[in-house]
Structure formats: C-alpha cells, structure tokens
Amino acid sequence: MEINWFTVIAQIINFLVLVWLMKKYLYKPVLDAVDEREKKIAAELAEAISNMVEAKKKQDEFQQKNEEFDKQKQQLMAQAASDAGVEKQKMLDSAKVEAEVVKQKLEDASKQQQADLNDLVLQKTQQQVFSITRKALAELASANLEEQSVQVFIGKIMAINENDKKQFIAAFHSDLNPVSVKSAFDLSEKEQKSITKAIADVLGEDGKYEFKTDPKIIGGVELSTKGYKLAWSFSAYINSLEQSIDSRMRNTDIAVKK
Amino acid sequence: MNLSPDQTIFWSYGFITINLTLVTTWGIMLFMVIGARLITRNLKVTHQISHWQCILEMTVTGINEQIREIGLDDPEEYIGFIGTLFLFIAMCNFWIVLPWYEPPTGSLSTTAALAIAVFLAVPFFGIQKSGFLAYLKTYVKPTFIMLPFNIISEISRTLALAIRLFGNIMSGGMIVAILLSISPLFLPIVMKALGLLTGMVQAYIFSILATVYIASAVQESNKKKNLSTQKSTN
C-alpha cells in the first residue's frame, strides 16, 4: 500500500485529458442539445399561446357575429310580424270594403226588385183604374152626352190659340186627304155641319171632311189631319192622364236607380 | 496477494512504470470517450430521441442539478471537472462486477491523483472567480489565527478524500478476495453487488465533496457579487 508517484502524475494527466475530452464530446453537445430543445419547446409554447390567443380572438369575433346575427334575425322577425299585421289589416279593410260593396249591391238589387214590384203593382193598378174608368165612361156615354161633347169640341176649336191655329192650317194645306173627324157615336147632320162650320171659321176656307165612328174614343170628338190632332174625348183625356202618370213614374224610377 | 493494481507492472523503465492501474484507466477512458462520441454524434433536438441520448441527457442534467443545488450558480463551468470526476470514479467502480477486474480506484496512487486534482482545482476555481488576493484572504478568515488551521484543513481533507475512496474500494476487493477463499460460491456475488453499490456511493461522495470544496472557495466571490448588486439596487 504505497504511492507510485509516476502513476499519480500519470493519473492526474489522464484525468485532465479525460476532463477535456468529456467536455468536448459529452457535456457540451448534450447541454447544447438540451438548450436547443428547451428553446424549441419554448418557441412552440409561445406559438401555441399565440395560436390560443388568436383562436380566442376568433371565437370572440364569431360569438359577436352570432349575437349580431341573432339580433338581426329578431329584428327581421319583428319587422315581418309587423308587416304581416299591416297586411292583415289591409286585407281586412279591403274585405270589409268588398263586403260593403256586395252588401250595397244586394241592398240595391233588393231595392230594385222592390221598385220593380212596386212598378208592376202600379202598372197593374193603373191599367185596372183606366179600364174601370173607361168602362164606367162607356156605360155613361149616350147621344145626349155626345151632343154636349160636340158643343164642347166646337168651343175648343173656336178657342184655339194662334200657334196651334198656324200648325193646323199648315197641316191642313199639306194633306191632300180629307180631314178626319172621329166620334164614339154617329153624329147627326146638324152636328156635322156645326163642326164643319167651326173648322171653316178657323181655317178661313172650306175643306173636305170624313166623319167616322170609333167606339174606342168612348165619348167626344177627335179631329186629325197630317201631323196635327185636335180632340176633346174621354179617350184623349184618359190617354193624356196615362201618359202623364207613366212619365212621372219613369222619372221616379230613374231617381230611385240613381 | 496484491493489494493494489499498481503492483501489477507490465513495463518499466527507471521511474516510468506502466502498471495495471494505468492500463485499466486508459481502457476506461477510451470506453468513456468512444461511448460519448458515438452517442453524441447523432444528437437530436426533436421531441423523440434515442434511449441512449435520453440516458445521457438525464445523467448530464442530473449532475448539473446536483452542482446547482450545492450552491454553484453556473454549473456549466464546473460540470467538466466535477462531472468527469463522478463519471470516471463511477465507471472505474462499475466494472468490479467483472471477474479479475481490479479497479484503478483501488490504487492509492489513483485516488491520491484525484484528490490532488481536487486540491488544485479548489484554488483554481476560487482564483478564477474572485481573484488571487481575495482567494488568499479566505485563509485568514475569520481571523489571522485561523490560517494554519485552514491550511491543515485543506491538506487533511485532500488526504481524507484519497484515503476514503481508496479504503472503500480496496476493502471491497479485499473482502471479495477473502470470501472467495472461504466460500467460493454465491457469497462473493452478493459482496460484489454490495461493492458496486459502495462504489457508486463513493463516486457520489467524492464528487459531492469536491463540489462543496469548490463552492466554499467560490462563495467569497458570490458574496461580493451579492453585495455589489444590493448596493446597485439601493
């Protein structure tokens, strides 16, 4: 158990050489590799954190967009609901108006129908009244009445106004046929002469006359030449009354229709 | 019976003697350097690395951590010395599992050489860190009277380092040799395993003590540094 000093020195040198070699081939490369890996991991971590931050940012952005979208959706829904309400109201109003029109039409039709019915009833009544009147007057008519009728007719001829007189004269001159004188009963010669005389007085000249009997005129006398008629008869009165009532009824109908 | 591999001499020429200690040391050196070179040749910095690289990295970073824990702030500066000390002693002691192997650490010359290396490394690192005078001043602290005691302590601890390692390893080899003569089966294997454990522990103790010594020498400069940083912050 002794120390060999050459061995000691040699071992010291050996150890120092080993230290140098190990530094070069072991510690330095290994520590460098570890450092590099740590740096790499740190860089990767930093990148991961940055990615995470980016992802969070994107997520926030997306969430915000989503919220905005929801908001818009709700607004659109509300708008649509409001529009639908307005449209509904419009349609309801339009339907009401249409219903009103249809109702009005129905009412009008009903009124028209009523008016037509009234008209019909009136016409029938009128026809009936005239028929009764005609019948009553026909039954009352007689020769005496005829004589008085002739007198009245003559009076009417005599009392003709200037305008009618001119028309009568013009019609008389333009007609080549004889002047037609109708009566319900046969006129006596005397009556015929007095009528002829009265006419001649009006015309200022004699003419040809044709006397006819027509029971339709019920009672009275009618004188007619081309385009001109002068009469005093029950039939004329009734016709005139009929025309007057017809015309008034027509006017009333038009007013109702309006 | 040879107590030390120094006594097995292959060649000698006067003062120069090539003995088993030196030859074994060279063999171990060669093995360590080639092994390290082979593994570190293809180091990868990706996440997937080879098993050997992983073992190597764990060893190196483990040593680094140990140095840092003892109080040396820049372990990269000391890992060359301390790490090699540990790995060399551990490697020398590891192969005792092989029959007829005689560890170089079983030679007092080797352990003395390593102790002398530590003895020299302590002032080397101390002066490197805090300067020559500042390092010398540590010998007269806390008072001038402590100077001889400090010197004695320096020498005695170096001696203790050498003798401790030598004694432990040599005794392990001796026990195995003695047991082989008494009971050649089984028991020597157990003792070898125990020797392996002792060897590893001794490697750890030797390098830790060396680290502590260096740390105590370097601490002076650390104190200075701390004081100056405190002043600058104030």
Side-chain angles (χ1 to χ4, degrees), chain A residues 1-70, chain B residues 3-7 9 12 14-19 21-22 25-26 28-29 32-41 43-47 49 53 56-57 59-61 63-64 75-76 79-85 87-88 104 107-114 116-117 120-121 162 166 170:
Chain A
M1 199 180 77
E2 60 184 31
I3 292 175
N4 183 331
W5 287 107
F6 172 76
T7 310
V8 170
I9 294 162
Q11 285 296 63
I12 290 172
I13 294 165
N14 280 343
F15 180 70
L16 292 177
V17 169
L18 186 63
V19 167
W20 179 72
L21 286 171
M22 291 306 270
K23 254 188 174 176
K24 189 175 178 186
Y25 291 121
L26 182 66
Y27 306 122
K28 197 174 178 305
V30 169
L31 287 173
D32 284 353
V34 170
D35 280 353
E36 204 171 329
R37 186 180 303 116
E38 277 176 1
K39 274 182 195 165
K40 205 174 165 186
I41 289 168
E44 279 173 5
L45 273 175
E47 199 188 332
I49 288 166
S50 123
N51 282 346
M52 229 158 79
V53 168
E54 187 70 23
K56 181 83 176 73
K57 203 174 149 190
K58 288 235 169 100
Q59 192 191 5
D60 288 350
E61 207 175 307
F62 178 72
Q63 204 167 350
Q64 199 183 342
K65 275 187 183 170
N66 234 1
E67 279 169 8
E68 274 176 19
F69 177 71
D70 280 349
Chain B
L3 281 177
S4 163
D6 286 3
Q7 289 164 338
I9 296 167
S12 78
F15 179 64
I16 303 163
T17 47
I18 305 299
N19 52 32
T21 308
L22 287 176
T25 302
W26 288 335
I28 287 167
M29 279 169 68
M32 283 170 75
V33 173
I34 289 171
R37 181 81 187 103
L38 283 177
I39 297 168
T40 56
R41 196 175 49 179
L43 282 182
K44 289 174 185 164
V45 291
T46 51
H47 296 301
I49 52 172
Q53 185 181 341
L56 220 57
E57 281 185 5
T59 310
V60 171
T61 50
I63 294 167
N64 235 14
E76 285 81 8
I79 193 170
F81 183 78
I82 296 165
T84 310
L85 207 56
L87 287 179
F88 177 65
S107 142
L108 191 58
S109 306
T110 308
T111 58
L114 295 176
I116 289 165
L120 295 175
F166 165 71
M170 186 271 288

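Just so you know, these numbers come straight off a predicted model, no measurement behind them.
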A.B. asks: In terms of heavy-atom pairs under 4.5 Å, which option from A/Asp32, A/Val34, A/Asp35, A/Val17 contacts chain B the most?
C.D. replies: A/Val34
A.B. asks: Less than 6.0 angstrom separating the ring centers of A/Tyr27 and B/Phe81, yes or no?
C.D. replies: no
A.B. asks: Any sub-3.5 Å donor-acceptor pair from B/Thr40's side-chain atoms to A/Tyr25's backbone N or O?
C.D. replies: yes
A.B. asks: Pick whichever of B/Ala36, B/Ala113, B/Ala162 has the most heavy-atom pairs under 4.5 Å with chain A.
C.D. replies: B/Ala113
A.B. asks: Heavy-atom distances under 4.5 Å only: say whether B/Ile28 touches chain A with side chain, backbone, both or neither.
C.D. replies: neither
A.B. asks: In Å and rounded to the nearest 0.5 Å, what is the CD to CG distance from B/Gln7 to A/Asn4?
C.D. replies: 10.0 Å
A.B. asks: Among B/Thr17, B/Leu56, B/Ile116, single out the residue with the greatest number of heavy-atom pairs under 4.5 Å to chain A.
C.D. replies: B/Thr17
A.B. asks: Go through the steps to decide whether B/Thr25 and A/Gln11 satisfy the test side-chain hydrogen bond (donor to acceptor under 3.5 Å, both in side chains), and finish with yes or no.
C.D. replies: CA-CA 8 Å; B/Thr25 302; A/Gln11 285 296 63; 2.9 Å; yes
A.B. asks: Give the interface residues of residues 52-66 of chain A toward chain B, defined by a heavy-atom separation under 4.5 Å.
C.D. replies: none
A.B. asks: Quick one: of B/Thr111, B/Asn64, B/Thr84, who has the most non-hydrogen atom pairs under 4.5 Å with chain A?
C.D. replies: B/Thr84
A.B. asks: So what's closer than 4.5 Å to chain A heavy atoms on B/Ile16: side chain, backbone, both or neither?
C.D. replies: both
A.B. asks: Any idea which of B/Met29, B/Lys44, B/Met32 has the most non-hydrogen atom pairs under 4.5 angstrom with chain A?
C.D. replies: B/Met29
A.B. asks: Between A/Glu44 and chain B, with a heavy-atom cut-off of 4.5 Å, which part of the residue counts as in contact: side chain, backbone, both or neither?
C.D. replies: side chain
A.B. asks: Is the number of heavy atoms from other residues, nucleotides or ligands under 6.0 Å of A/Phe69 CZ greater than 12?
C.D. replies: no
A.B. asks: With sequence neighbours excluded, tell me which residues meet side chain to side chain contact (heavy atoms under 4.5 Å, CB included) with B/Leu38.
C.D. replies: B/Ile34, B/Arg41
A.B. asks: To check you understand the geometry: which heavy-atom pair defines the closest contact between B/Leu43 and A/Ala33, and what is its length?
C.D. replies: CD1-CB, 3.9 Å
A.B. asks: Need one label for B/Thr59: side chain, backbone, both or neither, based on atoms under 4.5 Å from any heavy atom in chain A.
C.D. replies: neither
A.B. asks: Sort B/Leu120 into side chain, backbone, both or neither according to what part of it lies under 4.5 angstrom from a heavy atom of chain A.
C.D. replies: neither
A.B. asks: Could you state the interatomic distance from OG1 (A/Thr7) to CG (B/Asp6), rounded to the nearest 0.5 Å?
C.D. replies: 4.5 Å
A.B. asks: Below 4.5 Å, heavy-atom pairs only: which of B/Thr61, B/Ile49, B/Leu87, B/Leu22 has the largest tally toward chain A?
C.D. replies: B/Leu22
A.B. asks: Can you say whether B/Ile39 sits under 4.5 Å from chain A via the side chain, the backbone, both, or neither, judging by heavy atoms?
C.D. replies: neither
A.B. asks: Given side chains that start at C-beta, do those of A/Phe15 and B/Leu85 come closer than 4.5 Å, heavy atoms only?
C.D. replies: yes
A.B. asks: For the pair B/Glu76 and A/Lys28, find out whether any cationic side-chain nitrogen is under 4.0 Å from an anionic carboxylate oxygen.
C.D. replies: no
A.B. asks: So for A/Trp5, is it side chain, backbone, both, or neither that comes closer than 4.5 Å to the heavy atoms of chain B?
C.D. replies: both
A.B. asks: State, to 0.1 Å, how close B/Gly80 and A/Val19 come at their nearest heavy-atom pair, and which atoms those are.
C.D. replies: O-CG1, 3.7 Å
A.B. asks: Examine whether an atom of B/Ile79 lies under 4.5 Å from a heavy atom of chain A, and if so say whether it belongs to the side chain, the backbone or both; otherwise answer neither.
C.D. replies: both
A.B. asks: Identify which of A/Leu16, A/Leu18, A/Ile13 forms the greatest number of heavy-atom pairs closer than 4.5 Å to chain B.
C.D. replies: A/Leu18
A.B. asks: Is any side-chain heavy atom of B/Thr46 less than 4.5 Å from a side-chain heavy atom of A/Lys40?
C.D. replies: yes
A.B. asks: Check for a donor-acceptor pair, side chain of B/Arg37 on one end and backbone N or O of A/Leu26 on the other, with a separation under 3.5 Å.
C.D. replies: no
